[in-house]
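Throughout, a chain's letter reflects where its sequence line sits, starting with A, and its residues are numbered from 1.
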There are 2 protein chains.
Amino acid sequence: MTGKKSPWNDLGEFIRAQRELANLSLRQLAEMTKVSNPYLSQVERGLYKPSAEVLKSIAGALQISAETMYNQAGLLDDDAGTKGHDAGRVEQAIHGDSRLSKDQKDTLLRIYRGFIERP
Amino acid sequence: MTGKKSPWNDLGEFIRAQRELANLSLRQLAEMTKVSNPYLSQVERGLYKPSAEVLKSIAGALQISAETMYNQAGLLDDDAGTKGHDAGRVEQAIHGDSRLSKDQKDTLLRIYRGFIERP
DNA sequence: AGCATCTGCTTGGTATACTTAGCACGCATC
DNA sequence: GATGCGTGCTAAGTATACCAAGCAGATGCT
C-alpha cells in the first residue's frame, strides 16, 4: 500500500480537507452524519467509495451543497447541463418547477418524450 | 411480500416507466448500461436501491439527466438551488430544445401554461 | 408439431459498503 | 508517576449491491 493510489483518493482528500477546515474531528463528523468514525477515516484515506447517501450526509454536515459533493465524486458532470446539450434540460426544468403537480409533470414529460422520439 | 411496499418502489416504477416509454427491453437496457438485466428487474420492482453510478448509467441510457434521476432517488433536493427561479425555466428550456419543432414547442408551452394557471 | 429467439424473473454466489469492539497514541490533570 | 479523555485507526463481522447461470413463458418461423 506504499504510495498506492485508489480511484477515490481525491474524494477522500477533499472530504478530509473540508472537515479540517470546519475544525471537526472524525468522531464529531460521525455523530453529525450518523456514519461510523472508522468508516469515515477509511473513506478519507481512499479505501472505500461511499454511497451517495453518505456523501449527502457528509455534505450537509460540512455545509457543502450535495451537487458540489457529487461533482467531486464524479457522480455529476458540472458541465453536463450547460454544454449545449439539450438532453435533460427540459426534463430537469419540468421536475424542478414547484408549481406543477406530480401528475402534471408526468404528463408534460410523456408528451415531451413522445415528441423527441418521433419528430 | 404481498403488496409490501419498499422505500424504493417509486424509483423503480419511475425507471420502468421511462424504459417502457423508450421502448427498451430489460436486456437492451442492460447492454446499454452494463448492468445485469436481473438486477435491473429487481431495481424496477423496488427490491434494491441502486448506487448513484448505476442510476447515472441508467439515466444516460434513457436520456434523462443525472440530476433528474438523483432527484427521483431522493439524492438531490430539486428545490435546493433553484428556489425562486422556477419562473421561465421550463419555457426557456422548451424554447432552447433543438429537437423540438416550432409546433411541438407551441403545444408544450400551451399545455404547460394551462397547468400553471389552473393548478 | 419442433425449434429459435426474445422476454422477465429466480436463485445462489461474490464483492463492497459500513459497523462494532477495541487498540495505541497524545494531551491534560492530579 | 497514574488516570481520564480525545483522537485516528485496525480487524472481524454484517448487510446490501450486483452478478452469473438458468428457468419459464411468449412469439415467430419452418
Protein-nucleotide distance (A/Arg16, atom CZ; D/dG8, atom P), rounded to Å: 8 Å
Among C/dT10, C/dC18, C/dT7, the one nearest B/Gln28 by side-chain distance: C/dT7
Taking only distance into account, with no hydrogens and no angle test, what donor-acceptor pairs under 3.5 Å do side-chain atoms of residues 35-42 of chain B form with protein atoms, sequence neighbours excluded?
residue, atom, partner, partner atom, Å
B/Ser36, OG, B/Tyr39, N, 3.3
B/Ser41, OG, B/Arg45, NE, 3.1
B/Ser41, OG, B/Arg45, NH2, 2.9

Whole-Å gap separating P (C/dC18) and CG (A/Leu26): 16 Å
Closest nucleotide among D/dC19, C/dG8, D/dT7 to the B/Ser41 side chain: C/dG8
Sugar-phosphate, base or nothing in reach of B/Val43, heavy atoms under 4.0 Å: nothing
Phosphate-side-chain proximity, B/Arg19 and C/dT7, N/O vs OP1/OP2 below 4.0 Å: no
Given C/dA17, C/dT7, D/dA17, the nucleotide with the shortest approach to the side chain of B/Lys49: D/dA17
Whole-Å gap separating P (D/dA17) and CG (B/Leu75): 12 Å
Electrostatic pair A/Lys102-A/Asp106, nearest N-O below 4.0 angstrom: yes
Spacing between B/Glu44 atom CD and C/dG8 atom P, to the nearest angstrom: 8 Å
Any donor-acceptor N/O pair under 3.5 Å between D/dG6 base and A/Arg27 side chain: no
Distance, rounded to the nearest Å, where A/Tyr48 contributes OH and D/dT16 contributes C1': 14 Å
Non-neighbouring partners of A/Glu53 that pass salt bridge (Lys or Arg N to Asp or Glu O under 4.0 Å), sequence neighbours left out: B/Lys49
Distance, nearest 0.5 Å, that separates OG of B/Ser65 from CD of A/Glu91: 6.5 Å
N or O in side chain of B/Ser25 less than 4.0 angstrom from C/dT7 OP1/OP2: yes
Whole angstrom value for the distance that separates P of C/dT19 from CG of A/Leu47: 15 Å
A/Tyr39 OH to D/dG13 C1', straight-line distance once rounded to whole Å: 15 Å
Interface residues of residues 29-37 of chain B with DNA chain D (non-hydrogen, below 4.0 angstrom): B/Lys34, B/Val35, B/Ser36
B/Tyr70 and A/Tyr70 aromatic ring geometry - parallel, tilted or perpendicular at 30°/60° bounds: tilted
Protein-nucleotide distance (A/Leu40, atom CG; C/dT20, atom C1'), rounded to Å: 14 Å
Short side-chain to backbone donor-acceptor contact, B/Lys56 and B/Ala66, under 3.5 Å: no
A/Pro38 side-chain proximity, nearest of C/dT20, D/dA20, D/dC19: C/dT20
B/Gln63/A/Arg113 under side chain to side chain donor-acceptor pair (under 3.5 Å): CA gap, chis, key distance, verdict: CA-CA 10 Å; B/Gln63 305 201 0; A/Arg113 296 209 178 96; over 6 Å; no
Shortest side-chain distance from A/Pro50, nucleotide among D/dC18, C/dT10, C/dC18: C/dC18
side-chain N/O B/Ser51 vs C/dA17 OP1/OP2, d < 4.0 Å: no
Heavy-atom closest contact (A/Ile15 atom, A/Met69 atom, distance): CG1-CE, 4.1 Å
